[in-house]
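Encoded as structure tokens, the structure appears first; notes follow it.
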Amino acid sequence: MELLSALQFLKLREVPQAWVDAVWDLEFIERKALNDNIEEELTASEDKAFRNLYKCLKGYAANQQQSPDKHEASQNVWAILGENGVPVKSLVAVLSFFVLAGKTKAATVQQRVCSLHAASLYLLLLGIPGSIANKVFHEVLFETCSDMTSHCWPKDTGKKRKKDSQKSSQAEGKRSKPQRKDTAEMEVDDAEEEDEEEEVHFSGQDLMKIRDAVALLIQSLLRLLHIFPLKDRPQSTSHLTQIFSKLLYFEPAIGELTFDAERDANKLRSVPEMAFYGLQLLCSPKHGDQKESLRRVFHRLLYVILMMKGNRGKPTLLTPSQAILTTRDQAITFVSNLVDELKEVALPFLQILLQHICFQMVEKSEFRSHGSQAVGMLTSKMTTTNYALFIQWLFKFSRHSKMVHRLFSVDVVMVLLKQPERKLEECQDPELVCFLPHKFLIQTVLFARRMDESPTVQGHALACLAQCLELPSLNASRAVHNLFSATGTQTALEDEITEGSLSSQQTQKTYRTLPFRTVEISCTDSPGCDAKENLALLLRRVKDSKTNIRKAALQALMGLLKHNVIPINWENLSILSERCRDPAVSVKKKALQCVGELLAAKPESSVVQKAWLHGVVPAVLDSESSVQDKALEAVDQVLLSQVKPYSVSSHMDASQRLTWDLLGLLCHECQNLSRYFSRAITIWSKQNKLTPMFITNLISHTDADHGAGAWLLLSKVVALSPRLAYGKILDAWDCMICSKDINVITCGYILCVMGDIAQHLNDDTKNRIIDDLISWVKTFTLSLEMISAAVETLYQLGRSDYIKQTQAFLNQHCGELVSICEAYLASVILSEKGSQNLNEELMVKHLHTLGVASLHCPAKVSKRTVLLVESVLTSHSDKLAECQEELPASLPLSQFRANSLPTIVRAHGMITLAKLCLQHEELVQKYLPVFARELEAGTEVAVRNNVVVIMCDLCVRYTNVVDHYIPNISACLRDTEAVIREQTLIMLTNLLQEEFVKWKGSLFFRFMEVLVDPVPAIASLCEYCLLHRLLKKNPEMFSQHFIECIFHFNSYSQHKSYNKFAQSEREKVLFSLKGAQYREKRFRIYRFLLENFTDAQRFNITNKINQTVLAFFADEELPLDADGAEILAETFSILSLKEMKLRAICAPAGGAAGEEPEEENMATMAKAVLQAAQKKVVSQVQKKTFIENTVPLIISLKNLLEQKRSPVLRDLMGYLQVTMQDYRNEVNEFFSGDEQLAAEIEYALKEAEKRELEEQLHNCSLTGNAKITPAQDSPESRTHLPFVFATPQPPRPNSLCARLIHTDRRMCRSRQEGHVQSKSIALERTVIPKGAVNYRAISTPKGVNVNLTFNEGVSAIFSDRGSSLIGETSILHVRSNEQQAPGLRQWNVQSPLRQKRNSND
């Protein structure tokens, strides 16, 4: 007999019956030792014998299945065994002996292979008809055999390889880490921790043997599932589901997997393919309730899709390697195939699966991206009605209190928007139709997150909003247009963060963080979608304090502009340009990217071109090198690389036209940006980008219509370029000289080019150009800019290596111009009717020419010249004639007898006089008092503005002389004219930055007052100058002057140390902020200073205030008169400011409010621990300092104020109330020396708490507009607890306000019923189809009505049934909102201690 021969190696007749009975009595839990001889013989068995026996039994099993007639004994395995005296119990016991041998960690390769073969034989026996009758099946042994793959496959082969290769390189050791990760994924969920040390080493050949045996075992299991029903064995079915889900990670699948209903297990090539087939078989009706099977399979595949390892403890994330991602994709395809195959049966569980994917998502962007793609692929398998149900659930999910849930809802929305829009007529439920359009996803779900409390969610929502415009869906684009276009239709959106309304016909559903309950809200109260408000909000987000929000808002703004949703005007575009100078480097880069994309989309728009220039060109001088490089790259691509050869017949493409349009703007509207452009040219020159070919191409454009741009670029590059052909440049010069129609801008660039190439010209050419230039200037027909450029070019033409020779040239030609100008001025001023026939334009040109020429030839400037210029400002022609006595320096020019010259002439005369002073120090000494007096008494704005510029310029050259007049200059910070205030601020900032001026006297305090300038732009400019220019050079500047600000702004001078610098009465009045009417301005300054303090500075300034202010009043060194009382009261108010608190103490733990980090690693944990320790130490130090230094002063001051009956006592108590809120339980300890004061503080704190509670109660409302803060997550909800596959339950609202609202609504139900019927929607049924779910959550007490919703009645995800549920009803309890809520039953749980007491009783 072939079968008996194959069974001989098992020694079944030699095995003692007592041993067999003992093995069966032990329930196959542990291995029972055999006789040494028999065990040695069995251990010597080879896997070949097992394969022969398997082959033999497989043939008998096949024949018996084909010929199931029991009378054919020759083919019946059980009959053969019985006839030959082979006991089945012995066969099973011996097989278990081999199976259990492979479970040990130290099992050899042979033991593992034999164990797997023995398990395969046992499963094969189970599949032979008659196995049940012959009592072959044993549940423990069946589960053990099924799970041998996890025991026999080495779990830490990666570690062993690493240990064996310790002598190899470090890199080879690191390469073993992914293998360790992969094997960890194969661990059984309920397995205990195993020792890492293992002495067995497996070669590649050994692993292949084990793998083949594993494949054979799984094939046997699949054959068994085809034949052997597990309908009455739910525990075995659940165990197999767990095993197959782990095998999905066993090895990479070969080829693309298919999931046909009927497949041959022998033809399956890879273990994962077999595992998927096993899961598919388990979902068949023969293995139990199909719905329960689907629930188990989907639950296991949930963690595969999430790329998590779902152990009993906290689910851990897997490294998203290519193998993990492939398995995830296969799982999604498998689920989709099941849904296609089972249709309506699987759809409810698909809904549940999608909800759990959303609910268990983590914050990491990579996992969110893959998770949202999975949701998108699975929703495509839904019917339209089920899809609408999921969108309804997603809407509520997007308002969950956990930040990561709201964040992931945005990702899901973006994936769903890429799918085709569902047809409304396919939805069977008319109430769900409103959830189908893309418009709902964009306007009600996505756009609502713009107001999210988490900056991360806000930023992500805004970034996704911009992406909506790139979608191919026309409806999606139209929905965004409606949000921001004034002509768009209005759409009902949610109000703020915590409350929303969803319009459906004439009724609304309102969702809050409380359990779902319909609320009476009139349809007319729904907030409208105001396009202007939405745009204004977006523009505010561009300037948000959070970096990621600013970046996302920039992306959204660029998208709206790019797609013409909002007007492309300078008001909107300037915001993009301004963000290119954002303090954050990442925002600057994002802004540069946005203006670049917008320019590429709108190359023909001049306003977009202007915005690009204002944003990108200044960035080439950015302090951050990476921003510089990005800006240079952008300018290079748009401008430099597009300069091609030009001819009249050539055609310019769009890129070339854009280049010349931009250069044209640089020539005209954006001339001030050319200096930044020069920096770019210098860098390109070092990079050898200014090739001769580029210069040749550039020169070819000088004769074109856009020649001005070519000359501009040529004027920047010619000085840095190699030798070039000068013929065309000289021809252009000749044409310019002869032309009557002169383009001022082009001529200026040509003059610049001529000056740069002067050193390469021969003497004859130079002389000819010089003669032409002098003759041209003498005509005085040129503009002021051209006169300056001409004189500079003249200097370049005459410059040589010898200074004397150069100066002689300048004295000759510039001296000639000075003489001509002097003669003209004399003819006008000395003539009796000269001023009456004055040519104003000609007079200004002569004055300007005299100024610029005199700078090159100071020796040619005579006293007569100076007096002539002075006479432009005064009318002392008689003194000019005599030239005998000088003007009194102490009087302003405007106080002399007024002349009839216009203001513009006087303003230019002032500039010319300043240029004369630059070359003659004695003139500076003479005219500085005059300039200072002009600032004070002058009435002409242009003149005073020029005087500010003059005095600041003179300060650079004559610092010590002008330093005495800085108070006169700084007094202009409070000038009546805004232009003078702004000019003074800019000029003084430059001097301070270059350290020509120091922070002396009242200069700092005058700067501070600009912060409250009536013009917001000037105040903003002052803030920028202080924070980004001056504070960086002197970080202690604010703290050094803070206390003196209190005395200075209140005009208090009785302190012996502060506010003692000299000021005139006019300046005191001008800069005084004393009085109640200026209190708000003073505190704006205080807050600004404190906000920019470090914690160390805050701590020190508090102590210093105690020592220099409070102590002086306590010791009565400062009198408590009216002024003193104001100072003391203001000091207490300052100490009470929230900006005075240390950030290390008041900063919320865990980052910004609303942020809930979902992942923890060593770095974040270490940072959190460090922050907590720092906060504790700082708090202790501050507490000690307060007790030792502040408390004695406070007690002393309180006694003094009570004696004086001073009203400041109220401010002192207010300060104590604010301060002691942080030490609420330590009041008596702090003020142990004054029990009465401690009692008063206790009373004040209680009263404050009472008022706060009353305010909370007042804000709690039953109306639809009540704003309720979302309940904070409990500590447990912030960790990944083991999830049962049941409905994700909302956190319990624990705030007092939420409890009161819930109570009030229950009490007022009877009054609201009449209104609810007409204006609200009742929960009449669940959205899960009837019969789709049969069991309630295992954690729910028996008989309790369950709110099946995730914050609202939407769907249910139920857990496994436990033994406690046997015999319970499977009815799903759902009550309508008209029914009274029954009282909750007590949980049927007793502690072991109580049970023990009850038993003792």
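Residues take their numbers from the sequence shown, with the count starting at 1.
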Evaluate the side-chain proximity of [Y] to [X]: yes if any heavy-atom separation is below 4.5 Å, no if none is.
X: F367; Y: K364; result: yes
X: S321; Y: I324; result: yes
X: L342; Y: Q290; result: yes
X: K246; Y: K309; result: no
X: T144; Y: K103; result: yes
X: V297; Y: F244; result: no
X: I332; Y: L301; result: no
X: L240; Y: L279; result: no

Are side-chain N/O atoms of S96 and Y122 paired as donor and acceptor at under 3.5 Å?
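Per modelled atom types, S96 and Y122 side chains form no pair under 3.5 Å.
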Is there a donor in the side chain of T383 and an acceptor in the side chain of N386, or the other way round, less than 3.5 Å apart?
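Per modelled atom types, T383 and N386 side chains form a pair under 3.5 Å.
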Which atom names give the shortest non-hydrogen contact between [X] and [Y], and what distance separates them?
X: E366; Y: P320; value: OE2-CG, 3.3 Å
X: K381; Y: S336; value: CE-CB, 3.5 Å
X: F298; Y: L350; value: CE2-N, 3.7 Å
X: L207; Y: W153; value: O-CZ3, 3.5 Å
X: V413; Y: L441; value: CG1-O, 3.8 Å
X: C358; Y: V375; value: SG-CG2, 4.4 Å

Donor-acceptor contact present, side-chain [X] to main-chain [Y], <3.5 Å:
X: H405; Y: S398; answer: no
X: T333; Y: D329; answer: yes
X: N548; Y: P455; answer: yes
X: S284; Y: Q280; answer: no
X: Q419; Y: G376; answer: yes
X: R328; Y: H370; answer: yes
X: S369; Y: S365; answer: no

Look at E363 together with R368 and state whether they make a salt bridge at an N to O cut-off of under 4.0 Å.
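Salt bridge between E363 and R368, a charged N being under 4.0 Å from a carboxylate O: no.
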Inspect the contact between D411 and R406 and indicate whether a charged nitrogen and a carboxylate oxygen are less than 4.0 angstrom apart.
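Here R406 does not pair with D411 in a salt bridge, since their nearest N and O are not under 4.0 Å apart.
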Could you tell me whether Y303 and H356 have their ring centroids closer than 6.0 angstrom?
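No, the ring centres sit 6.0 Å or more apart.
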Calculate, to the nearest 0.5 Å, the distance between atoms [atom1] and [atom2] belonging to [X] and [Y] respectively.
X: S238; Y: L230; atom1: OG; atom2: CG; value: 11.5 Å
X: L221; Y: Q219; atom1: CG; atom2: CD; value: 11.0 Å
X: T319; Y: L325; atom1: OG1; atom2: CG; value: 10.5 Å
X: D289; Y: K231; atom1: CG; atom2: NZ; value: 9.0 Å
X: L225; Y: L123; atom1: CG; atom2: CG; value: 9.0 Å
X: L394; Y: Y387; atom1: CG; atom2: OH; value: 9.0 Å

Check against side-chain contact (heavy atoms from CB on, under 4.5 Å), H151 and D147
CA-CA 7 Å; H151 295 294; D147 198 26; 3.8 Å; yes
Hey, can you tell me if F397 and F408 have their rings parallel, tilted or perpendicular (30° and 60° cut-offs)?
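It falls in the perpendicular class, over 60°.
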Should the ring pair H400 and F359 be called parallel, tilted or perpendicular, given that the plane angle runs from 0 to 90° and is split at 30 and 60?
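Aromatic pair H400/F359 classed perpendicular.
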Would you please test H226 and Y277 for ring-ring contact (aromatic ring centres under 6.0 Å, His included) and show each step?
CA-CA 11 Å; H226 268 294; Y277 186 42; 5.7 Å; yes
side-chain hydrogen bond (donor to acceptor under 3.5 Å, both in side chains) between D206 and S203, intermediate numbers included
CA-CA 5 Å; D206 295 337; S203 65; 3.1 Å; yes
Could you check whether atom NZ of K286 has more than 12 heavy atoms from other residues, nucleotides or ligands sitting under 6.0 Å from it?
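Enclosed.
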Under the side-chain contact (heavy atoms from CB on, under 4.5 Å) rule, collect the residues that match up with S115, sequence neighbours excluded.
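Per chain and number, S115 pairs via side-chain contact (heavy atoms from CB on, under 4.5 Å) with V99, M148, C152.
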Under the criterion side-chain contact (heavy atoms from CB on, under 4.5 Å), I'd like the reasoning laid out for Q322 against T326: C-alpha separation, chi angles, the key distance, then a yes or no.
CA-CA 6 Å; Q322 185 58 44; T326 302; 3.5 Å; yes
Using salt bridge (charged side-chain N to carboxylate O under 4.0 Å, His left out), reason through R211 and E251 one step at a time and then give a plain yes or no.
CA-CA 10 Å; R211 188 267 171 200; E251 64 184 6; 2.7 Å; yes
Test side-chain contact (heavy atoms from CB on, under 4.5 Å) applied to Q555 and K551, step by step
CA-CA 6 Å; Q555 183 72 30; K551 290 167 59 179; over 6 Å; no
Take Y54 and H117 through the side-chain contact (heavy atoms from CB on, under 4.5 Å) test and state the conclusion after the steps.
CA-CA 8 Å; Y54 186 90; H117 282 299; 6.0 Å; no
